[in-house]
Structures are given as structure tokens and as C-alpha cells.
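To start, the structure itself, in C-alpha cells.
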Amino acid sequence: MNEQVQPAGGDPLFNPLSPDFIRDPYPHYDRLRAIDPIHVTPFGQFVASRHADVSLVMRDKRFGKDFVERSKRRYSEKIMDEPVFRSMSHWMLQSDPPDHTRLRGLVVKAFTARRVEDMRPRIQEIVDQAIDAVIARGHMDLIEDFAFRLPVTIICDMLGIPEDHREVFYKSSRDGGRLLDPVPLSPEEIAKGNAGNMMAQMYFQQLFELRRKNPGDDLITQLVQAEEDGNKLTNEELTANIILLFGAGHETTVNLIGNGLLALHRNPDQLALLKARPELMVGAIEEFLRYDSSVQMTGRVTLEDIEDLGGRQIPKGETVLCLLGSANRDPAVYPDRPDRLDVTRQNVKPLSFGGGIHFCLGAQLARIEAEIAIATLLRRLPDLRIDDVENPKWRPTFVLRGLTQLPASW
């Protein structure tokens, strides 16, 4: 087994929850790509770090999700008795066809290019309100006061969450990201996940009842009506996928905005360039996604024996972890200094939104939210500076890469 391959220092090649890895995973990815591009972890997972392998795994039908069996192998036969795992087993993100096709088909209409483009004025309004609320103060936390409120408000709008219910969502913690990490959860973490899941289920069940009685022009009304049509959606699937949409609808965008702003302020030449040439913003968002992806990893399971992935044979039923953050900086695809932020970089096609049938539904919405948020901030607060660009506070999760806070002043 290749898990014995270690760098000279004796540290494990892939230790994604170590503080050093959380702070800056990219040197670790460089070593993985060079030394052991299909690495085997102590948990028996295969880790793909090169762009070609990651891209193949996400798109090839020989790889799927197989969430229930994968979780039973990792924990025990009883793991599906845990509410949080039972809920996750209904996520379209964790489903294979035909369930995935059916679930995604019910939601995809809310994310058409036309509907998303039509949200631009609303997104602009929310961004301006967030800046209006703090501008006289001279300082804010770019995560809590700015990046967090925008996507939470937009997903609340889309789901039809009433205005007077939203304050709890603005104040809710963001510690669910640990559920997605490749290191197994402790019993305490599972208990915490269960508690959060039960709270969300209780709230959304009440909202479903409200929308059955008072339908609205929102996604929950559409899904409740689909559920009533019979075999399209069970109540458990409905609840689980609303929880997924709520989490996915804001987590990744908060991180995209936060990571993008930090990257710009760590690269003052690029910040100055973007202020001088705001027309570069659309391309800059792709570069932020590539440079420091808000989602660092996605996983698949082999649905049959794989004869050759990056020179390795992988038996059926094994887990393959795809390092999106590593693939995005692979010099084989980005030969011109991939570790440098360059808002003028051409042909940037980040893998940050995944690929194949699981390509992120909200990718275009996230791009537009980040584009409007960052452009408006640079325009309205041109002398804003981040208090400490060298030692930002990263969240202690690996898959969802983002900051807990980012104080700034002007």
C-alpha cells in the first residue's frame, strides 16, 4: 500500500484537519501531486490530487456516490439510525440515478439562467443595504456583516422563508461543515449534527404546513406541491433537500466572497488592478474560485473495478476523494505560476463547483452574488483595508474552506 510513502519530514502527506493544512493546504497538495498523486489514507480512501484524475472521476459513470453503503463501511451497520446520516442519505448531492435525476429535476427550474439573472437587482439591493448599515462606523467584519448576510437573504427569498423568521438564520452557527470532512466524526460530533438536523427538520416541517395552506411563489411551495403529486418526493426527501439547499446555498458563497477578498488584499497589485479596471470582475471571480476554492474536495465511490486511475488499480466499492483545490493549481493545466493570483488569467475553468451530474446547481447564482458583492465593496469603500491579512482566522473544517471572521476598517 502506498500510504507508507511519506515526505522527508515524516509528517503524513494528507492530514487535512491539522492546523497547518487548514491554514494553507496548497504546499501539501504540491507534494501529493509530485510524490503520490493517487494517495491512500490510513482510512483506506484513495486521494486524487491531479487535475486529469479529479476531472475524470467526477464525470465518469463508473464512479458514483453509494452514500449508505459507504457510510456503513466507514462507521457501522447502525450508522443510518443516526438522524443526521439518514437525512444526508436523501440529499441529491449524495444520491445516484435514478433518485438523483428525480430529485434534481424537481429543483433545477428554480436555478435557470434566466431566473438567476433576474435576481441581480435584488442582490445589488442587499449588498448596498449591508454597506449602508456599517459605512458610518468605519469598521466591520467582512464575514458576519457582509459576506454572510447576502447569500442567506437570497436563499431565504428563494425558499420563501418569512421575513420575521430570518434573524435566527443570520445568527445560526456555521459548524455543519465538519459533516463533509473525510476524517470520521466522533460520537460527540455526530450528536451535535443530530441536534442541528432535528432543529432544522422541526422548522422546515412547520414551514411546509404553512405553504400547503398559503402557497407562495417560492421553491418550498413548488416542492410541497411536487410531494403532493405522489411518488416524486417523500416528506423525508423534501426536508433533507431543503436543508441541503439552505446549507449549500450560502456556505460556498460566503467562502467565495471571503476568500476572494482576502486573496485580493494579500495581493495589492491585483487589488489595484481590479479597482482601476472593474470590467475584469467576471474573470476575476473565476480566478478566485481557482486560486482558493471554497469547496476543497468532493468524493465518489467506485461502482466497478477500475483498472487504471493515475497508474493505480482500484477495486469496486472503494472511496476516491477528489482534491478540487489541488486540481485548480495543477501546473499541467495552469503552467504560468499556478500559485499566483492573476485576475487577468485567461481560460480559467475551475473545478470548484464539481462536475458531471453533480455539478453545482447554484454555480451561476454564487458567481453573480460574489461579482456584485466584491465589485460594490471596491467601488463604495475604496480605502477599505483588512486589519490582519497575515493571520486570518480559518474555520477548522477542510472540505468547506472559509474564514470565521475577517475584520476590516476604512
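- Between Glu189 and Lys192 there is no salt bridge, since none of the side-chain N atoms of the basic residue sits less than 4.0 Å from a carboxylate O of the acidic one.
- Between Pro392 and Leu403, the shortest heavy-atom distance links the atoms CB-CD2, 3.4 Å.
- Ring centroid separation for the pair His165 and Tyr203 comes in under the 6.0 Å cut-off.
- Electrostatic pairing of Arg62 and Glu307 does not count as a salt bridge here, judged by no charged N lying under 4.0 Å from a carboxylate O.
- Remark: Arg114 engages Asp118 in a salt bridge, criterion side-chain N to carboxylate O under 4.0 Å.
- Here the OG1-CD1 distance, from Thr302 to Ile314, works out to 6.5 Å after rounding to the nearest 0.5 Å.
- With Leu185 as the fixed residue, the side-chain contact (heavy atoms from CB on, under 4.5 Å) test singles out one of Ile79, Val84, Leu179: Leu179.
- Residues that satisfy the salt bridge (charged side-chain N to carboxylate O under 4.0 Å, His left out) test with Asp305, not counting sequence neighbours, are absent from this structure.
- With hydrogens and angles disregarded, a donor-acceptor distance shorter than 3.5 Å links the side chain of Gln346 to the backbone of Thr344.
- Arg211 contributes a side-chain N or O that, together with a main-chain N or O of Gly160, makes up a donor-acceptor pair within less than 3.5 Å.
- Judged purely by atom type and a 3.5 angstrom limit, Asp96 uses its side chain to pair as donor or acceptor with the backbone of Lys65.
- The heavy-atom pair separating Leu180 from Val399 by the smallest distance is O-CG2, 3.2 Å.
- Separation of atoms CG (Leu245) and CZ (Phe111) is listed at 5.5 Å; rounding is to 0.5 Å.
- Without hydrogens or angle criteria, Asp218 side chain to Met158 main chain gives no donor-acceptor distance under 3.5 Å.
- A salt bridge does not link Lys393 to Asp388: none of the charged side-chain nitrogens sits closer than 4.0 Å to a carboxylate oxygen.
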Checking salt bridge (Lys or Arg N to Asp or Glu O under 4.0 Å) for the pair Asp66/Lys316: CA distance, chi angles, key distance, verdict? CA-CA 11 Å; Asp66 197 22; Lys316 178 182 176 180; over 6 Å; no

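- Gln45 has its side chain within reach of Arg74: a pair of non-hydrogen atoms, C-beta onward, lies under 4.5 Å apart.
- Looking at heavy atoms from C-beta onward, Met140 lies in side-chain contact with Leu142 at the 4.5 angstrom threshold.
- Contact annotation: the side chain of Asp36 never approaches that of Phe14 to less than 4.5 Å [non-hydrogen atoms, C-beta and beyond].
- Here the closest heavy-atom approach between residue Thr397 and residue Arg178 is recorded as CG2-N, 3.6 Å.
- Heavy-atom neighbours of Lys61 NZ from other residues, nucleotides or ligands within 6.0 Å: at or below the threshold of 12.
- Between Asp128 and Thr376, the side chains place no donor N or O within less than 3.5 Å of an acceptor N or O (distance only, hydrogens not considered).
- Of all the heavy atoms in Gly258 and Ile143, the pair that sits closest is CA-CD1, 3.9 Å.
- For the pair Asp132/Arg380, a side-chain contact is recorded, criterion being any heavy-atom separation below 4.5 Å from C-beta on.
- A distance of 5.0 Å separates NE2 in His265 from CG in Leu271, rounded to the nearest 0.5 Å.
- Listed here is the closest heavy atom pair of Ala147 and Ile257: CB-CG2, 3.8 Å.
- Heavy-atom minimum distance, Arg395 versus Thr404: CG-CG2, 3.5 Å.
- Judged as a side-chain contact (heavy atoms from CB on, under 4.5 Å), and not counting sequence neighbours, the contacts of Val108 are Leu361.
- Judged by distance alone, the side chain of Ser87 and the main-chain N or O of Pro83 form no donor-acceptor pair under 3.5 Å.
- Using modelled atom types, one side-chain atom of His358 and one backbone atom of Ser95 make a donor-acceptor pair closer than 3.5 Å.
- Annotation: Glu144, atom CD; neighbour count of heavy atoms from other residues, nucleotides and ligands within 6.0 Å does not exceed 12.
- Annotation: cation-pi geometry not satisfied between Arg329 and Tyr334 (NZ/CZ under 6.0 angstrom from ring centroid, within 45° of ring axis).
- Of the possible donor and acceptor atoms, one in the side chain of Arg266 sits under 3.5 Å from a partner among the backbone N and O of Val389.
- Donor-acceptor pairing under 3.5 Å is recorded for the side chains of Arg33 and Ser326.
- Here the straight-line distance linking atom CG of Leu159 with atom CD of Gln222 works out to 10.5 Å at 0.5 Å rounding.
- When only modelled atom types and interatomic distance are considered, Thr234 and Glu236 share no side-chain donor-acceptor pair under 3.5 Å.
- Take Tyr29 and apply the ring-ring contact (aromatic ring centres under 6.0 Å, His included) test, not counting sequence neighbours, and it matches Phe21, Tyr26.
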Walk me through whether Phe288 and Leu256 qualify under side-chain contact (heavy atoms from CB on, under 4.5 Å). CA-CA 7 Å; Phe288 299 148; Leu256 169 55; 4.1 Å; yes

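- Salt-bridge annotation for Lys78 and Asp81: absent, with no side-chain N of the basic residue lying under 4.0 Å from a carboxylate O of the acidic one.
- No donor-acceptor pair under 3.5 Å is formed between the side chain of Arg345 and the backbone N or O of Gly283.
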Thr153 and Phe169: CA distance, side-chain angles, deciding distance, side-chain contact (heavy atoms from CB on, under 4.5 Å) verdict: CA-CA 9 Å; Thr153 305; Phe169 290 104; over 6 Å; no

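- Taking CD1 of Ile161 as the reference point, atom CZ of Arg166 lies at 7.0 Å (rounded to 0.5 Å).
- Annotation: the span from Arg379 atom CZ to Ile374 atom CD1 amounts to 13.5 Å, rounded to 0.5 Å.
- In this model, a donor atom of one side chain and an acceptor atom of the other lie less than 3.5 Å apart for Ser293 and Ser352.
- Not one N or O on the side chain of Gln94 forms a donor-acceptor pair closer than 3.5 Å with the backbone of Trp91.
- With respect to Asp342 and Arg337, no salt bridge is recorded, no charged nitrogen being found less than 4.0 Å from a carboxylate O.
- Figure legend: cation-pi geometry between Arg401 and Trp394, with NZ or CZ positioned under 6.0 Å from the six-membered ring centre and within 45° of its axis.
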Candidate pair Arg102 and Glu237, rule salt bridge (Lys or Arg N to Asp or Glu O under 4.0 Å), full reasoning: CA-CA 11 Å; Arg102 173 174 59 87; Glu237 285 174 332; 2.7 Å; yes

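- Residues His28 and Asp20 bring a donor and an acceptor atom of their side chains to less than 3.5 Å of each other.
- Under the 4.5 Å side-chain criterion, counting only non-hydrogen atoms from C-beta, Asp330 is not in contact with Pro338.
- In this structure, Lys72 places its NZ atom where more than 12 heavy-atom neighbours from other residues, nucleotides or ligands lie under 6.0 Å away.
- Of the possible polar contacts, none joining the Thr221 side chain to the Asp217 backbone as a donor-acceptor pair under 3.5 Å is found.
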